[in-house]
Amino acid sequence: MKVQRKTAVGMDSLMIRYVKAMGISASHNTHRIYLAWEEASGAAANTIKRYFKDGTLTITLNSSVVRSVLLLQTDLLIAKMNSILDEDELFIKDSPKLKKVEKLVLK
């Protein structure tokens, strides 16, 4: 009996294959978007609720002062989050249903 050799697979590609096979790509990407929000905004401590659907990220903050400051930087935050997601090896990019952040709503 002949044994087939297979090439080693990195954990990042194995993780992506698993997420796709389990059908949880959307929720996985949503979690990665929330992490990108925290990194880009620096407002994780002030974030009460997060919701992402159809390219729109809605954030509820506990401080009107923080919200006012972030409202001035909305376009910059969207660009920074999408840049973080582009560099994220675990963000699944190859499905048309899975979107990046197109709009940011701060409450």
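Taking the side chain to side chain donor-acceptor pair (under 3.5 Å) definition, one finds that T47 meets it with W37, sequence neighbours left out. Residues passing the salt bridge (charged side-chain N to carboxylate O under 4.0 Å, His left out) test with R50, sequence neighbours excluded: E38. Applying the salt bridge (charged side-chain N to carboxylate O under 4.0 Å, His left out) rule to K103 yields no partners; only residues at least two apart in sequence or on another chain are considered.
The distance from the CD1 atom of I33 to the CE atom of M81 is 8.5 Å, given to the nearest 0.5 Å. In this structure, L98 CG and S25 OG are separated by 5.5 Å, a value rounded to the nearest 0.5 Å. Annotation: the span from I24 atom CD1 to H31 atom NE2 amounts to 11.0 Å, rounded to 0.5 Å.
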List the atom pairs, donor and acceptor, that lie under 3.5 Å between side-chain atoms in residues 83-91 and the rest of the protein, sequence neighbours left out.
| from | atom 1 | to | atom 2 | distance (Å) |
| --- | --- | --- | --- | --- |
| D86 | OD1 | K100 | NZ | 2.4 |
| D86 | OD2 | K100 | NZ | 3.4 |
| D88 | OD1 | R32 | NH2 | 3.2 |
| D88 | OD1 | L90 | N | 2.9 |
| D88 | OD2 | R32 | NE | 2.8 |
| D88 | OD2 | R32 | NH2 | 3.0 |

Donor-acceptor pairs under 3.5 angstrom involving side-chain atoms of residues 58-65: please list them, not counting sequence neighbours.
| from | atom 1 | to | atom 2 | distance (Å) |
| --- | --- | --- | --- | --- |
| N62 | OD1 | N46 | ND2 | 3.1 |
| S63 | OG | V65 | N | 3.4 |
| S63 | OG | V66 | N | 3.2 |

Using a 3.5 Å cut-off and no angle test, enumerate the donor-acceptor pairs between side-chain atoms of residues 70-80 and protein atoms at least two apart in sequence or in another chain.
| from | atom 1 | to | atom 2 | distance (Å) |
| --- | --- | --- | --- | --- |
| T74 | OG1 | L71 | O | 2.9 |

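The main-chain N or O of V101 is found under 3.5 Å from a side-chain atom of N82 such that the two form a donor-acceptor pair.
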Next on the checklist: Under the criterion side chain to side chain contact (heavy atoms under 4.5 Å, CB included), I'd like the reasoning laid out for M15 against H28: C-alpha separation, chi angles, the key distance, then a yes or no.
Outcome noted: CA-CA 11 Å; M15 172 73 174; H28 170 77; 4.1 Å; yes
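No path of Ile, Leu, Val, Met, Phe, Trp and Tyr side chains, each step under 4.5 Å between heavy atoms, connects L35 with L57, placing them in separate hydrophobic clusters.
The shortest non-hydrogen separation linking Y34 to F52 is OH-N, 3.4 Å.
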